[in-house]
Amino acid sequence: MKRTKICDVLTLPSNQQELIVMGWVRTFRNNQFIALNDGSTIQNLQIVVDFNRFSEELLKKIHTGTSLKIVGKLIPSQGKGQTHEIIANTVEILGECHPEQYPLQAKKHSLEFLREIAHLRMRTSTFQSVFRIRNGLAYAIHQFFQNKGFIYIHSPVITASDAEGAGEMFQVTTFNLSNVPKTNSGKVSFSDDFFGKSTYLTVSGQLEAELAAMAFSNVYTFGPTFRAENSNTPRHLAEFWMIEPEMAFYDLTDNMDLAEEMLKYLIKYTLDNYPDEIRFLEQRQIDEEKQKPQNERSTMPLIEKLQFCIQNPFERITYTKAIEILEKSTYNQKKKFQFLVKWGIDLQTEHERYLVEKEFNKPVIITDYPKEIKAFYMRQNEDGKTVKAMDILFPGIGEIVGGSQREERIELLEKRMKEMNISANDMYWYLETRRFGTVPHAGFGLGFERLVQFCTGMNNIRDVIPFPRSPKNCEF
RNA sequence: UCCUCAGUAGCUCAGCUGGUUAGAGCACAUGACUGUUAAUCAUGGGGUCGCAGGUUCGAGCCCUGCCUGAGGAGCCA
């Protein structure tokens, strides 16, 4: 007889059939009731042990964390908390778990503490829910794009290009750091390094995705990216995953339409496929927020927030309009903003939060930013001041998507690169896309962990990736 | 990187104005009970008060530096 997964056991008729189940003990109550979890579902299966039939020696080895093989009969539960239960005929200990040394208990732990034991935290209902949803979202992203005929492109992880200026980069080298080869003038001799030049971990696959879009029309990347920024916030990681679609023959509106459709698809996918997990996480958030003052609590419970997000069109406004709204706001007139609102500034977190959480109270897409605060590759508008950029701001998360229509006109692109001190020589391959059959195109980047944060209601980004990498933390 | 707060038992925390032998709940151990739902009841063990200096007759508490964590800001996805 083969093992039955707990997710399957719970769908079977409870008609005395004999089954084998395996899993880890969550709790062992009353010397009789084992809550067994095998990770196939966040639900536990109740195992009933008649303590008169088993040796005390065996029962004493059953603790939270112990792994078991149970053979027994499936019956309707006589207790109230569950539908099924298994009456154990045999109980085999697969792996003992020392109760004094095992850090997980059958009670709530703080997320900070669980972060320190990331190798074990997946054994909790919270992290099982989060990572199950993370898995589902990764799958749904491929499904969304594949259904539309997009080609999945593997952009390189190691790159020599630091042109995007998306932040500090991690150097990749095979040099012995205590004895780095130098040139006669005393500089590091990168021509002696593995690749013969200085190389880094990628900060974005966008430029490579653009190359592919010039062949396949519609492509996307989905892979890890790296930023060596010393950012210590609940929204930043040094290693995170990004989805970067790039579409030929798309303008900025097409780009926004696709991004909005994708986000709604992914949120709906979560609601449709992970109801148990979402309900659990919603309750967790409610319990957690009970200790907070009213004004710091979420305005909507998780499920309602996600449904609201699917059902309403995202607000679309230009940067110029956004500045106008901010300037006219009573908030601004009462001088409640710390930073001055003025055309030309980069929107501060407080400004974004005002627009998303106070003014519109739903996702907002801001377009046509001043060119000075955006990247060199964004398409310049006729006004000479703004570019075809778009950022999607989500409540509680901030910027979840950043994108633009790209500058396809080579003269304007070269001029902009010169102004921003970007080497046309190093970037010859990028410029050749504009030289050889250039077309209008657009794309965006979606921060995968920020999406998972939004869909799970987790406040800290370190709790939505199995093994987070952040400044001063590379454990496990 | 900057600002603010925190670090006391395995976990979550209390510890008053500097004053005897540092407490609670949970966890754990032992016993009781046995249809429980974070089971319950009784008893018990468990501490270099983040680290290093300093002030003081005396420091968990005051001062300085460092480390770690959290929240906010910047940068961004």
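Reminder, nothing fancy here: chain letters follow the sequence lines and each chain counts from 1.
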Check the distance between B:C76's C1' and A:Leu347's CG and give it to me in whole angstrom. 14 Å

Donor-acceptor pair between A:Arg406 and A:Ser404 side chains, under 3.5 angstrom: yes

Any N or O donor-acceptor pair linking the side chain of A:Ser231 to the base of B:C75 at under 3.5 Å? yes

Quickly work out the A:His109 NE2 to B:C26 C1' distance and round it to whole Å. 10 Å

Spacing between A:Leu393 atom CG and B:C76 atom P, to the nearest angstrom: 14 Å

Ignoring hydrogens and angles, are the base of B:C28 and the side chain of A:His63 linked by a donor-acceptor pair under 3.5 Å? no

What I want to check is whether the side chains of A:Asn89 and A:Glu18 have a donor and an acceptor closer together than 3.5 Å. yes

Please state the P separation for the pair B:C63 and B:U55 - nearest whole angstrom. 15 Å

Within the structure shown, what part of the strands sits under 4.0 Å from A:Thr64 by heavy-atom distance: base, sugar-phosphate, or nothing? nothing

Using a 4.0 Å heavy-atom cut-off across all strands, classify A:Asn232 as base, sugar-phosphate, or nothing. base

Quick one: is B:G31 close enough that its OP1 or OP2 comes under 4.0 Å of any side-chain N or O from A:Lys60? yes

Check for me whether the distance between the ring centres of A:Tyr269 and A:Phe144 falls short of 6.0 Å. no

Which base sits across from B:A22 as a Watson-Crick or G-U pair, both distances under 3.5 Å? none

How is A:Thr349 classified with respect to the nucleic acid when contacts are heavy atoms under 4.0 Å: base, sugar-phosphate, or nothing? sugar-phosphate

Euclidean distance, atom CD of residue A:Glu56 to atom P of B:U30 [Å, nearest integer]: 9 Å

Measure CZ/A:Phe337 against C1'/B:A73 and give the value in whole Å, please. 15 Å

Pair assignment for B:U56, Watson-Crick or G-U wobble, requiring both distances under 3.5 Å: none

Give the rounded distance in Å between these two atoms: CZ of A:Phe113 and P of B:G7. 18 Å

Tell me whether the OP1 or OP2 atom of B:G71 has a side-chain N or O from A:Asn460 closer than 4.0 Å. yes

Between A:Tyr152 and A:Tyr220, ring centroids under 6.0 Å: yes

Atom-to-atom span, CZ of A:Arg115 to P of B:G7 - whole angstrom: 18 Å

Could you tell me whether the side chains of A:Trp343 and A:Thr320 share a donor-acceptor contact shorter than 3.5 Å? yes

Tell me the interatomic distance from A:Glu229, atom CD, to B:G74, atom P, rounded to whole angstroms. 13 Å

Would A:Phe467 and A:His119 count as a close aromatic pair, with their ring centres under 6.0 Å? no

Does a side chain donor of either A:Thr386 or A:Asn381 reach within less than 3.5 Å of an acceptor in the other side chain? yes

Do nucleotides 34-40 of chain B as a string where each nucleotide becomes B, S or -: B if the base has a protein heavy atom under 4.0 Å, S if just the sugar-phosphate does, - if no protein is that close. BBBBBB-

Paired with B:C2 by Watson-Crick or G-U wobble geometry, both distances under 3.5 Å: which nucleotide is it? B:G72

Inter-nucleotide P distance (B:A42, B:A24), Å rounded: 14 Å

Are A:Tyr250 and A:His441 close enough that their ring centres sit under 6.0 Å apart? no

Against the side chain of A:Asn230, the closest entry in B:C28, B:A70, B:U1 is B:U1

Rounded distance in Å between the C1' positions of B:G18 and B:C57: 12 Å

A:Gln105 side-chain N/O to B:G10 phosphate OP1/OP2 under 4.0 Å: no

